[in-house]
Amino acid sequence: MNIKENSNKKDVILTGDRPTGNLHLGHYVGSVSNRLKLQEKGNYKKFYIMIADTQALTDNADRVDKVKNSIIQVAIDYLSAGINPDKVTIFIQSLVPELFEMTSYFMNFVPVSRLQRNPTIKDEIKQRGFVKSIPIGFLNYPVSQATDILAFESSIVPVGDDQLPMIEQTREIVSSFNNLYKPESPVFTMPKALLPEEEICRRLPGLDAKVKMSKSAGNAIYLCDDEKTVKEKIMSAYTDPNHIRVSDPGNVDGNIVFAYLDAFCQEEHFKRFLPEYKNLDELKQHYRKGGLGDVKVKLFLNNIIQELLEPIREKRSYLLSHINDIYEMLFDNSKKASSEARKVLEKMKDAMGINYKNLLIKD
Ligand code: ATP
Ligand code: MG
């Protein structure tokens, strides 16, 4: 499913981020911009954004302060990027205890070997140094993520493509649960992933060109980076190591600067910042042929990214003086999310036949 396909008034949208640091450009193109489009269309029943602190602790148990302090940072990133708390319920995962009871029931449907085969988990196990010893909580996070989706009866989940295996896992849990309990009136509906239209935005590479841009890999340009930092990062981004002299022919594939141009550049940017070229194809052609230096392309990219980030930075500095209001909004919304999840948990327990209050004998 991509953003062109319409959501409808019955859809519940749920998406989220781990509070392990600030949001970066990968989040922006991978999920935040889709969220903004959905928010503007307003074609949904409910829209939740969850700050996944419990999930973040599964590989940060020894860095509680980082997770705790990142909650407000991620919330400020959302608001400064344009998420509107009047249209979207932003809440904190650990403040919705219903999620943890539901996860316990769903865990019974998932073999350990299935989790070990999850390709994103496999990569992350290597990255996190968990090869010899995996915390159970970490291995189990796809099940807990399935719960986050199902607890709100979500039908649409805007994500980058590293999260596709998690949506697949969620769909398998829905099938197993519905087949076993009350197949005649299934409790859960199948959710769908919503991916960005452009391939490059589904997994934006990091500045090192090695893995996707990610908070944990330290290869990101953050939405809150100041002008100087952004410029420094762009000027040091990986390009084509064989493009040494300006006159050398260059490669645009695997070249991070061109990858970011694919994700962020529009034709109007040429008119404003690089009028000697009509469009990105022309710029690429010149680079391939030789005669176009990296610095010129990097400065062009820098102009585009600074223009995107400037209004976000401005809003951020205003929000920084309203921290208490933001926490109150988060706590309030978490209570609302908890009472929504409670309804679904009760439905789930009814279907399973474990609502013991039914055992009371009435006279
Ligand atoms: P961490 O390193 O702690 O896992 P992260 O940078 O991977 O952090 P998450 O909070 O795990 O960020 O991801 C939140 C959402 O952003 C997910 O939907 C994910 O698919 C999307 N996302 C993250 N990184 C990228 C990226 N580089 N390109 C596109 N989407 C991304
Ligand atoms: Mg991640």
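Remember, it's 1-based here, ligands and their atoms both numbered in the order they're listed.
- Looking at Arg35 next to ligand 1, no N or O pair under 3.5 Å apart turns up.
- Listed by number with element, the atoms of ligand 1 under 4.0 Å from a non-hydrogen atom of His24 are 6 (O), 24 (N).
- Looking at Tyr48, Tyr44, Phe188 one by one, the single match for ring pair (Phe, Tyr, Trp, His ring centres under 6.0 Å) with Phe152 turns out to be Tyr48.
- With Leu195, Asp161, Asn34, Asp162 as candidates, the residue nearest to atom 20 (O) of ligand 1 on a non-hydrogen basis is Asp162.
- Side-chain contact check for Asn219 and Lys210: no donor-acceptor pair (N or O, by modelled atom type) lies under 3.5 Å.
- Looking at ligand 1, you'll find an N or O of Gly160 within less than 3.5 Å of one of its N or O atoms.
- Of the protein's non-hydrogen atoms, the one nearest atom 13 (O) of ligand 1 is His27 NE2, 3.7 Å.
- Thr89 and Asn333 share no donor-acceptor pair across their side chains, judged by distance under 3.5 Å alone.
- At under 3.5 Å, not a single nitrogen or oxygen of Val159, backbone or side chain, sits near a nitrogen or oxygen of ligand 1.
- With respect to the salt-bridge test (charged N to carboxylate O, under 4.0 angstrom), the residues Lys284 and Asp262 qualify.
- A distance of 6.0 Å or more separates the ring centres of Phe106 and Phe109.
- Heavy atoms of Cys201 approach ligand 1 to within less than 4.0 angstrom.
- Of all atoms in ligand 1, listed by their number and element, those nearer than 4.0 Å to a heavy atom of Met213 are 24 (N), 25 (C), 26 (C), 27 (N).
- For ligand 1, the atoms sitting less than 4.0 Å from at least one non-hydrogen atom of Gly30 are 29 (C), 30 (N), numbered in the order shown with element in parentheses.
- For Gly16, the closest heavy-atom approach to ligand 1 falls below 4.0 Å.
- Set against the non-hydrogen atoms of Arg203, the atoms of ligand 1 under 4.0 Å away are 28 (N), 29 (C).
- Looking only at heavy atoms of the protein, atom 2 (O) of ligand 1 is closest to Ser216 OG, 2.6 Å.
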Note to self: Quick one, Glu197 with Lys37, criterion salt bridge (Lys or Arg N to Asp or Glu O under 4.0 Å). Give me CA distance, side-chain angles, the key distance, then yes/no.
What the structure shows: CA-CA 12 Å; Glu197 259 176 74; Lys37 285 180 201 157; 5.2 Å; no
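- Asp53 places a side-chain N or O within 3.5 Å of a backbone atom of Ser94 that can act as its donor or acceptor partner.
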Margin query: Is there a salt bridge (Lys or Arg N to Asp or Glu O under 4.0 Å) between Glu276 and Lys296? Walk through the geometry before answering.
Written below: CA-CA 12 Å; Glu276 59 263 50; Lys296 188 163 180 174; 2.8 Å; yes
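- For the pair Val257 and Asp294, the minimum side-chain heavy-atom distance is 4.5 Å or more.
- Without hydrogens or angle criteria, Ser334 side chain to Leu330 main chain gives a donor-acceptor distance under 3.5 Å.
- A distance-only check finds a donor-acceptor pair linking the side chain of Asn255 to the backbone of Asn251 [under 3.5 Å].
- When hydrogens are left out, the protein atom nearest atom 28 (N) of ligand 1 is Leu204 N, 2.9 Å; that is the closest non-hydrogen contact.
- Here Arg18 has heavy atoms under 4.0 Å from ligand 1 in both its backbone and its side chain.
- Among Gln163, Lys212, Glu124, the residue whose heavy atom sits closest to atom 23 (C) of ligand 1 is Lys212.
- With ligand atoms numbered from 1 in the order given, ligand 1 contributes 10 (O), 14 (C), 15 (C), 16 (O) to contacts under 4.0 Å with heavy atoms of Asp17.
- In Thr20, the part holding a heavy atom less than 4.0 Å from any atom of ligand 1 is the side chain.
- Between Asp225 and the choices Lys233, Arg313, Lys231, Arg316, the salt bridge (Lys or Arg N to Asp or Glu O under 4.0 Å) rule is met once, by Lys233.
- At the shortest separation from atom 31 (C) of ligand 1 among protein heavy atoms lies Gly26 O, 3.7 Å.
- The nearest protein atom to atom 8 (O) of ligand 1, hydrogens excluded, is given as Lys215 NZ, 3.2 Å; this is a heavy-atom distance.
- The closest approach between a heavy atom of Arg128 and any atom of ligand 1 is below 4.0 Å.
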